[in-house]
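Side chains are part of it too, since the values below use all heavy atoms of this structure and drop only hydrogens, waters and symmetry mates. Naming: A, B, ... by sequence-line order, numbering from 1 per chain.
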There are 2 protein chains.
Amino acid sequence: MHAYVHIVDDDCSFRKALERRLKLAGYRVGTYASARELLDQLPDDEEAGCILLDVRIPGMSGPELQRRLNELESTLPIVFLTGHADTAITVQAIKAGAEDFLTKPIASEQLIEAINRAVARHELVRDQRTRLDSLRALLAKLTPRERQVFDLIVCGRINKQIAHELGTTERTIKAHRHQVMEKMKVQSLAELVSIAERLGTRASGGAVKA
Amino acid sequence: MHAYVHIVDDDCSFRKALERRLKLAGYRVGTYASARELLDQLPDDEEAGCILLDVRIPGMSGPELQRRLNELESTLPIVFLTGHADTAITVQAIKAGAEDFLTKPIASEQLIEAINRAVARHELVRDQRTRLDSLRALLAKLTPRERQVFDLIVCGRINKQIAHELGTTERTIKAHRHQVMEKMKVQSLAELVSIAERLGTRASGGAVKA
DNA sequence: GCCGTTCTTGTCCCATGGTACAATATGAAA
DNA sequence: TTTCATATTGTACCATGGGACAAGAACGGC
């Protein structure tokens, strides 16, 4: 399956030329005349690909679109393409996670290399995201009470303490604990803590008493 | 305590002028005419500060020095200062972790802001580094055998399995396990797994049998 | 050879976790 | 009203973890 390159540029002839070049190179291509246009038909994150984005486009600017996509938790890497390089904008874009920042005119070879790097990275972050999402989905299926127990378990509390902190009995905690292990699909406390750590849902130690 | 700014620039008059400006602003300043000079009297990572680095300097270039410092695991943030901006170099520098990339001439206000951001970040990464280093130090004190047991514990193995995999008895593993908890200064398995996760010393699950 | 570290092992006993087999209560949804 | 999910609790029983108390064997360094 070939990667999908999304071109956002207001210069129609440039878009067309780039589209031809990339299709010849084996990519599938989507073209958008503005940031709005891309947002309206939001590309599928699941499909390996990247965004080729002009900095100065009418309406929403390139960096502004980048910000929006970050908010939307898009994983599609962005390769900026601009006519006039501006250091401050370049720095901002890269810090905000852009994969690359190229200046027009750009040699096909360089462009392809940048796109390939971006696509390769997308496959990594997309897979990573998928894994985290499935863990988050499991966590979301816990009832409120189970979630409380989960939090205390991964903080290292023993059943007795948890029961005391939640104002119930040890027996009840055992029941919840069982449900938690079941729903999170883990066999050991170690796995559970590992998940909590990766999801960042851990208040380290905390006070023993509420 | 004021932050320490390390200026690396081959232009002596520029160095002096910058030094005066920054000292007036309350910083302590170290000046270096070349990358070599800075490497020879390597600044203390412990002290809050940052590096102001020219891109084009005789001998080792700015980005090259940055690479060396990264290899040396320096935590001092780098703010690049250059006369002629080059997009490719800018992108590379930021990707390699530079805090900022500014062009000469630079307004004092902007420079100070960049330095303050860099110093603030340095305090964060330095503290983070310190915490990880103390954990690594604890881990390093484990004997080879204890380390093997540690690895299997945080993978979720129970004593019986560990004993079998290491070809010894459950009783022995209990002894090692006790030592591990003692040396790592933790009270619960959860804390131990959390440390392993943060140090990246975890082969997730793995086969039950060797 | 003596000493310290490491790795090893044992028994007894208790605390904690986990499971099987049940059962009650409450609130929301159908 | 009935039904379902949620939260609760009990009694056993067994598996696992962990401490107390002790001690032997191998190895390297002084």
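D/dG17 atom P lies 18 Å from atom CD of B/Q179, rounded to whole Å. The distance between atom CD of B/E170 and atom C1' of D/dA15, rounded to the nearest whole Å, is 9 Å. What separates NE2 of A/H164 from P of C/dT16 is a distance of 14 Å, to the nearest Å. In this entry the distance linking CD of B/Q161 with P of D/dT16 reads 9 Å, nearest Å. A/L192 has its CG atom 14 Å from the C1' atom of C/dG17, to the nearest Å.
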Would you list the protein and nucleotides 3-7 of chain D atom pairs, both N or O, that sit under 3.5 Å from each other?
residue, atom, partner, partner atom, Å
D/dA7, OP1, A/R145, N, 3.2
D/dA7, OP2, A/T143, OG1, 2.3

Could you list all N or O pairs between the protein and nucleotides 18-24 of chain C that sit under 3.5 Å apart?
residue, atom, partner, partner atom, Å
C/dG18, OP2, A/R177, NE, 2.9
C/dG18, N7, A/K174, NZ, 3.0
C/dG18, O6, A/K174, NZ, 2.9
C/dT19, OP2, A/H178, ND1, 2.7
C/dA20, N6, A/R171, NH2, 3.2
C/dC21, N4, A/R171, NH2, 3.4

Between the protein and nucleotides 26-30 of chain C, list the N/O to N/O atom pairs that are separated by less than 3.5 angstrom.
none

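Counting heavy-atom neighbours within 6.0 Å of B/E109 CD, excluding the residue itself, gives a total of 12 or less. The environment of NZ in A/K95 is crowded: more than 12 heavy-atom neighbours from other residues, nucleotides or ligands sit within 6.0 Å. Annotation: A/K185, atom NZ; neighbour count of heavy atoms from other residues, nucleotides and ligands within 6.0 Å does not exceed 12.
Using a 4.5 Å cut-off on side-chain heavy atoms (C-beta onward), B/E99 and B/F80 make no contact. Contact annotation: the side chain of A/Q148 approaches that of A/L166 to within less than 4.5 Å [non-hydrogen atoms, C-beta and beyond]. A heavy-atom distance below 4.5 Å is found between the side chains of A/I112 and A/Y27. Between A/D9 and A/L18, the closest side-chain pair of non-hydrogen atoms is not below 4.5 Å. A/I173 is listed as a side-chain neighbour of A/V149, based on a closest heavy-atom distance under 4.5 Å.
Looking at B/D45, B/T130, B/D127 one by one, the single match for side chain to side chain donor-acceptor pair (under 3.5 Å) with B/T75 turns out to be B/D45. Among B/K183, B/H178, B/H176, B/R177, the one residue that satisfies the side chain to side chain donor-acceptor pair (under 3.5 Å) test with B/E146 is B/K183.
Atom OG1 of A/T82 sits about 9.5 Å away from atom CG of A/L53, to the nearest 0.5 Å.
For D/dT16, the OP1/OP2 oxygens have a side-chain nitrogen or oxygen of B/K160 closer than 4.0 Å.
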